[in-house]
Protein chains: 2
Amino acid sequence: MESTPTPLAPKFAALGDPTRLAIVTRLMSDGPQSAGQLQDIADISAPAISRHLKVLRQAGVIRQQIDAQRRIYSVEPEALQAIASWTISKREFWEGSLDRLAQILDSQKES
Amino acid sequence: MESTPTPLAPKFAALGDPTRLAIVTRLMSDGPQSAGQLQDIADISAPAISRHLKVLRQAGVIRQQIDAQRRIYSVEPEALQAIASWTISKREFWEGSLDRLAQILDSQKES
DNA sequence: TTGTTAATTAACTATTATGTTATTCAACTA
DNA sequence: TAGTTGAATAACATAATAGTTAATTAACAA
């Protein structure tokens with residue numbers, strides 16, 4: 001079996017669940033949050049959220065920080081970096097959309 | 001529940017399995033291949049490979065092309081594009097590695 | 001202490017995924 | 001036509017996921 005340089009599969013798998021992708025998206029847009037604050041991300045119980053956070057953590061997608069009783073979660077930059085690097089290294093498959101990448105980068109720069 | 005703009009989760013999920021990630025990696029590095037040619041990607045039966053290909057196809061990650069009895073598979077550029085765009089749009093989390101992105105792009109340009 | 005808050009772990013259930021072998025289907029080939 | 005090839009589907013077993021409620025753990029507050 002062929003393997004990829006970095007263990008990317010577990011990260012992809014972690015982001016493959018809609019609830020977990022929503023958690024990561026939220027942590028990136030709104031910054032670090034406690035497990036309790038993330039409760040409203042989906043209509044599921046607290047233990048369910050807790051398990052999703054565990055999966056994300058074990059895949060190296062998020063990190064945990066302890067603040068008294070609270071567990072604060074934030075996105076692990078290296079994880080995003082790894083995925084970004086992979087996609088970019090394979091960019092010949094975006095077929096002629098290298099321009100579009102430049103566009104995206106430009107628009108980000110200005111915001 | 002929060003949702004992401006594009007249905008990225010199924011693509012991440014599809015790439016989250018090591019065998020499927022290997023298939024996609026192979027199709028990108030070696031070009032389009034038939035189901036049979038992909039047989040050696042993992043030590044599993046042909047039907048198992050066939051099912052993985054179906055999952056990838058349903059997630060929009062690969063496309064199928066029919067050539068007589070053969071089914072030729074190739075990577076769907078839009079899928080990679082979608083993932084790349086997402087990561088790039090979130091690039092503030094690569095923490096100071098914007099330079100590194102430039103590096104990656106440069107090295108790709110020359111190869 | 002005693003109680004409250006925040007979150008996880010335990011135990012369990014239901015569903016989904018992944019693998020198997022056997023079968024079917026379609027398209028070539030002799 | 002009869003046989004072969006390439007690949008998918010069918011039927012099934014088992015493992016992994018994702019959810020639930022109940023119980024536990026740890027930290028703070030009265």
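Just so you know, these numbers use all the heavy atoms, side chains as well, and skip hydrogens, waters and symmetry mates. Just so we're on the same page: letters track the sequence lines, and every chain starts at 1.
One can place CG of Leu53(A) at 12 Å from P of dG19(D), the figure rounded to the nearest angstrom. Between the C1' atom of dA7(D) and the CD atom of Gln39(B) lies a distance of 10 Å, rounded to the nearest Å. Rounded to whole angstrom, the span from the CD1 atom of Ile49(B) across to the P atom of dT9(D) amounts to 15 Å. Distance, Ile44(B) CD1 to dA7(D) C1': 14 Å, rounded to whole Å. Distance, Ile23(A) CD1 to dA18(D) C1': 13 Å, rounded to whole Å. The CZ-P distance, from Arg51(A) to dC12(C), rounds to 14 Å in whole Å. In this structure, CZ of Phe12(A) is placed 19 Å from P of dA17(C), rounded to the nearest angstrom. The nearest whole Å value for the distance from the CD1 atom in Ile66(A) to the C1' atom in dC28(D) is 15 Å.
Of the residues near DNA chain D, Arg71(B) and Arg71(A), the one whose nearest nucleotide (by heavy atom distance) lies more toward the 5' end is Arg71(B). Take the nearest nucleotide of DNA chain C for Val55(B) and for Pro47(B): the residue whose nucleotide is more 5' is Val55(B). Where Ala48(A) and Asp67(A) each meet DNA chain D at their nearest nucleotide, the meeting point lying more 5' is that of Ala48(A).
Not one side-chain nitrogen or oxygen of Ser45(A) sits closer than 4.0 Å to the OP1 or OP2 atom of dG19(D). At dA7(C), one or more side-chain N or O atoms of Ser34(A) fall inside 4.0 Å of OP1 or OP2 (strictly under the cut-off). In this structure, Gln69(A) does not reach the dA29(D) phosphate: none of its side-chain N or O atoms is under 4.0 Å from OP1 or OP2. The side chain of His52(B) contributes an N or O atom lying less than 4.0 Å from OP1 or OP2 of dG19(C). Phosphate contact (OP1/OP2 of dA26(D), side-chain N/O of Arg70(A), threshold under 4.0 Å): absent. Taking 4.0 angstrom as the limit, Lys54(A) places a side-chain polar atom (N or O) nearer than this to OP1 or OP2 of dT9(C). Side-chain nitrogen and oxygen atoms of Gln37(A) include none within less than 4.0 Å of the OP1 or OP2 phosphate oxygen of dA6(C).
Distance check: Arg26(B) CZ to Gln33(B) CD gives 4.5 Å after rounding to the nearest 0.5 Å. Atom CD1 of Ile88(B) is separated from atom CD1 of Ile83(A) by 12.5 Å, given to the nearest 0.5 angstrom. Atom CD of Gln58(A) is separated from atom NZ of Lys11(A) by 12.5 Å, given to the nearest 0.5 angstrom. Once rounded to the nearest 0.5 Å, the distance linking CD of Glu92(A) with CG of Leu80(B) reads 9.0 Å.
Contacts of Ala46(B) with the nucleic acid, taken as non-hydrogen atoms under 4.0 Å apart, are absent.
With distances taken from any side-chain atom of Ala68(B) to the nucleotides dT8(C), dA27(C), dA7(D), the minimum falls on dA27(C).
Proximity of Glu76(A) to Val61(A): side-chain heavy atoms (C-beta onward) are nowhere separated by under 4.5 Å.
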